[in-house]
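Take a look at the structure set out below.
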Number of protein chains: 2
Amino acid sequence: MGKLTIKDIATMANVSTATVSNYLNGNYDHMSLETRKNLSQIISDTKFRPNSTARNLAKNENKTIGVSIADITNPFTSQVLSGIYEQCDNYRYRVLFTNAGNSEQKEIDNITRLQNEGVAGIIVDPVNPDSPIYESLSNQNTVMVDRQSNKLIIDTVATDNMTSVQNLVEQMKNKDYDNLYFVTWPFQNISTRTQRYEGFIRATNYSTLNHLIAVPHHGKEIEYQQFTQNISSIMQRNNTSKIGFFCMNARVLLRLLQAMQQLGYSYPQDYGVATYEEFDWMQVMTPAISCIHQDSYSIGKVAMHILKQKLEHKLLRQPTLKLIPTQQILRASF
Amino acid sequence: MGKLTIKDIATMANVSTATVSNYLNGNYDHMSLETRKNLSQIISDTKFRPNSTARNLAKNENKTIGVSIADITNPFTSQVLSGIYEQCDNYRYRVLFTNAGNSEQKEIDNITRLQNEGVAGIIVDPVNPDSPIYESLSNQNTVMVDRQSNKLIIDTVATDNMTSVQNLVEQMKNKDYDNLYFVTWPFQNISTRTQRYEGFIRATNYSTLNHLIAVPHHGKEIEYQQFTQNISSIMQRNNTSKIGFFCMNARVLLRLLQAMQQLGYSYPQDYGVATYEEFDWMQVMTPAISCIHQDSYSIGKVAMHILKQKLEHKLLRQPTLKLIPTQQILRASF
DNA sequence: CTGTTAGCGCTTTCAG
DNA sequence: CTGAAAGCGCTAACAG
């Protein structure tokens, strides 16, 4: 059962390969109804499938876009991927998937590999958007999502971090808190983190770093204990004032809640809290938690849309930053 | 700046295309050190990248596997994808990604498309594993993950649902509950659901359906109210006995907790609870929730491993079901 | 309406 | 050590 080719079909139907090819491509103008039906019959009987590699080579058209994901395990990211795929499907592109599992080196390998595969365009959700690898990418055929580099060299679409945090924190301010704190993983110059903090600062006007609380990221147990200690002293220091926390993301929130729980404090009596990111479970906490929902699906969709425009219209512009708005979800946690 | 070809490189280096090709493929035995260096220089200078489509056609080798995902937005699934990718990367396959967004029709389209692309093999995470589309797939080059069909026609790798539920529920039994309940979305003949229930039954030996509680899936508000009512009467009926709930997954657990909260009950005083699936937030609940952690990453990895074996060794066997063990996480919720 | 044929860019004998 | 040339399977003029 050697693979069938267009030639086999041609001989079976007593026509030339050209006719078969025309049939395959829907150019029915060039053949009699009879041969058309005949071909249809034979092809479905034999379950013939034209070799797409050969077809691509001959047409010299390339409708595949490569996706480099920093960490597909991140729920935010899978939403983005879902948006990308949806749009690729609309535009009839196929998507070649790669995942770096948060490793910078892996990401470099993946991108290189995609380039070698000769994809038409690349969408990258970067591990580290300031990695030098991105300088080897051309803005003509790539777009970045989520995290943005400090110097914008590639079109990127991201969440409007700053404004949304600013808005939510302003809501907190309206509730007459004496002290507000921003809880975060170490900045490490990562744009999502610093931008959210910037929003916090704009809302609060704090001029010192005294309202910044760092949570270890992949720390050792001892570091988390120190964090809990830290929270403890903050709570004691503020025991007569109204105090609130804004968390930079859900994982950070979880850590804060855990610490508070250990210390015997509960919200909203002892403290107020709100967070970036939305997850199912926030709704079922007692009381439910106020948060910022990002439209990651749109990020993916828009990214692919922009990429398609670039690819097909060769628009050569300055790298652009497209900010996707978020949604504020107000509940009863502050 | 027309794309460079192997021919251009050849003329630039004053050698034939064959030599360039040899160079590209690492067959350095057939050329002088000089031309080798020369080629190396030219290629890196010109940033020449051989056209992979042409290469694939010429070698007639196909190292791409297609992945059809039911819903990439599901965190369980993204773990699976991560495992698949990892293994593909190890085995030097590329992965063509598709996502059905839980639509059966979309899934059919996706699979058909993958087939037309001529992928070497397919891994499918099915929307509905009993859909007729799977009969058009050959067990020679496809494997299913997660949900399994009722009649096994394709090798599939899934979680060991039954045994793990049985084991955990037995732990609950040891705590002298008078009544245990299984909370689930409607079965709809979906294997993951019925198998988990089967494990529950094996542990409890209940012979009626009285211990089965259905939660609406994508229901209207009114249906959730009915569910809450239902829970309310169960709690009242059992107000003198020790009662426990096992939830079929995290979303169901969330619903149960929500209902309980509305009704003013809390665990572990008023009821005991445990669940299938593990998420970060379960650890931070008060008290933390006992659960079953599935190794979705391994599912993906193993699936690709099996697929590779089939593809490269043409093993023709009976379709096989590979069950991946889970991990029991005992905390303080029952 | 249908067939011939020259590519698409690369690989791979087989000679030299 | 290097080159010529015949494909890989399909497309797309161009003839007929």
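Note: hydrogens, waters and symmetry copies are ignored here, and every other heavy atom, side chains too, is used. Residue numbering restarts at 1 for every chain, and letters A, B, ... go by the order of the sequence lines.
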Between Thr17(B) and Ala54(B), just flag the one whose closest nucleotide in DNA chain D comes earlier from the 5' side.
Thr17(B)

Between [X] and [Y]: side-chain donor-acceptor atoms closer than 3.5 Å:
X         : Y         : answer
Gln148(A) : Gln195(A) : yes
Asn139(B) : Lys310(B) : yes
Gln87(B)  : Asn90(B)  : yes

For [N], does OP1 or OP2 lie under 4.0 Å from any side-chain N or O of [X]?
X        : N       : result
Thr19(B) : dG3(D)  : yes
Ser52(A) : dC10(D) : no
Arg55(B) : dT11(C) : yes

Check every strand shown and say whether [X] touches a base, only sugar-phosphate, or nothing at a heavy-atom separation below 4.0 Å.
X        : result
Tyr28(A) : nothing
Asn22(A) : nothing
Thr53(A) : nothing
Ser21(B) : base
Tyr23(B) : nothing
Asn62(A) : nothing

Checking Asn25(B) side chain against Asn27(B) main chain: does a donor-acceptor pair fall under 3.5 Å?
no

For atom [atom1] of [X] and atom [atom2] of [N], their distance in whole Å:
X        : N       : atom1 : atom2 : answer
Leu33(A) : dC1(C)  : CG    : C1'   : 13 Å
Asn27(B) : dT13(C) : CG    : C1'   : 13 Å
Leu57(A) : dA12(D) : CG    : P     : 12 Å
Asn60(B) : dG9(C)  : CG    : P     : 19 Å
Asn38(A) : dT2(C)  : CG    : C1'   : 14 Å
Asn25(A) : dA12(D) : CG    : P     : 6 Å
Asp8(A)  : dG9(D)  : CG    : C1'   : 11 Å
Lys7(A)  : dC8(D)  : NZ    : C1'   : 11 Å

Which nucleotide, [options], lies nearest any side-chain atom of [X]?
X        : options                   : value
Val15(B) : dG3(D), dT5(C), dC10(D)   : dG3(D)
Asn51(B) : dC10(D), dC10(C), dG3(D)  : dC10(C)
Thr5(A)  : dG9(C), dG9(D), dT2(C)    : dG9(D)
Ser32(B) : dC1(D), dT4(C), dG9(D)    : dC1(D)
Ala58(B) : dC10(D), dC8(C), dT11(C)  : dT11(C)
Ala18(A) : dG3(C), dC10(D), dG9(C)   : dG3(C)
Lys59(B) : dC10(C), dT12(C), dT11(D) : dT12(C)

Is the His305(B) ring parallel, tilted or perpendicular to the Tyr91(B) ring (thresholds 30°, 60°)?
tilted

Please verify the inter-ring angle class for Tyr23(A) with Tyr28(A); under 30° counts as parallel, over 60° as perpendicular, anything in between as tilted.
tilted

